[in-house]
Amino acid sequence: MYLHTIKENMAILLFFVCHWYLSLFVQTFFLHRYAAHQMFTMSRFWERFFYVLTWLFQGSSYLSPYAYGVLHRLHHAYADTENDPHSPKYSDNLFDMMWKTKAIYNDVLNNRATVEEKYKKGVPYFGFIEKLGDNWMVRVAWGTLYSLFYIQFATAWWQFLLLPIHFLMGPIHGAIINWFAHKYGYVNFKVNDTAKNLLPFDFLMFGESYHNNHHKFGGRANFGIKWYEFDPAYPIILMLNWIRIIKLKPNNDLNYM
Ligand SMILES: [Zn+2]
Ligand SMILES: [Zn+2]
């Protein structure tokens, strides 16, 4: 009986965990480490492939690799100042920061913001997916698919409370780091801003939470530095480099972008 219940609950649990990690993977690998920081290069084919993957995995909460790349470079350049697109210093709560970030994101995406050329240089742009992913009907269609899955497989009412996390997965992952990793955690390096390492063992955020390390060594493909700081995205990056889907920049360990 008990085993039967676990089995019944498996579908929702698996769906949630898969969506969480797949969405997080494209965010950290493609949007953050590639589009914004260019820690590695890839051919135009693979760039488009990962663009499509970002749309598939983030679905209703698709984040534009272009706008993310530009915004994130601004974040590193102006961290914790008034020009930072998202700093907890200038918001009373997490939702206010998310709301402000959304406005700047839309300005950059729709070319309404004046952005210096260096922040846009080399940031990928694939018009077809950008338009498709940002289309509100497409976003609603993804949300409907998630809901239908829950209607089919949910075994208790409270499971439906997880649905909003699916709807907003991409921005939620961003906000966890941009808010909490600029407020709480430990510091390995002295930096000019409030970036901290949120978790000593980052199994929840795929290495993203080693944010203090990352603000210190912006071009370093491995976010973990201390022996216990395991960055789950890094072995995947090494593997993709080994099979030549991407090409890690030489000495990316030493880059101080
Ligand atoms: Zn930061
Ligand atoms: Zn970064």
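Everything numeric in this text was worked out from a predicted model, so none of it was measured. Just so you know, ligand 1 is whichever comes first in the structure, and atom 1 is the first atom listed for that ligand.
- Of all the heavy atoms in Met39 and Phe223, the pair that sits closest is CE-CE1, 3.7 Å.
- For the atom pair Phe40 CZ and Ile237 CD1, the distance stands at 5.0 Å (nearest 0.5 Å).
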- request: Output, in order, the C-alpha distance, side-chain angles, deciding distance and verdict of side chain to side chain donor-acceptor pair (under 3.5 Å) for His37 and His214.
  value: CA-CA 11 Å; His37 289 288; His214 173 60; 3.0 Å; yes

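- In this pair, His75 and His215 present their aromatic rings perpendicular. The plane angle is above 60°, beyond the 30 to 60° band.
- Within a radius of less than 2.8 Å around the Zn ion (ligand 1), the protein N, O or S atoms are His75 NE2, His182 NE2, His211 NE2, His215 NE2.
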- request: Decide side chain to side chain donor-acceptor pair (under 3.5 Å) for Glu47 and Tyr125; before the verdict, give the C-alpha distance in whole Å, the side-chain angles of both, and the deciding distance to 0.1 Å.
  value: CA-CA 9 Å; Glu47 188 179 284; Tyr125 185 84; over 6 Å; no

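- A cation-pi arrangement is present between Arg48 and Phe126 under the rule of less than 6.0 angstrom and at most 45 degrees off the ring axis.
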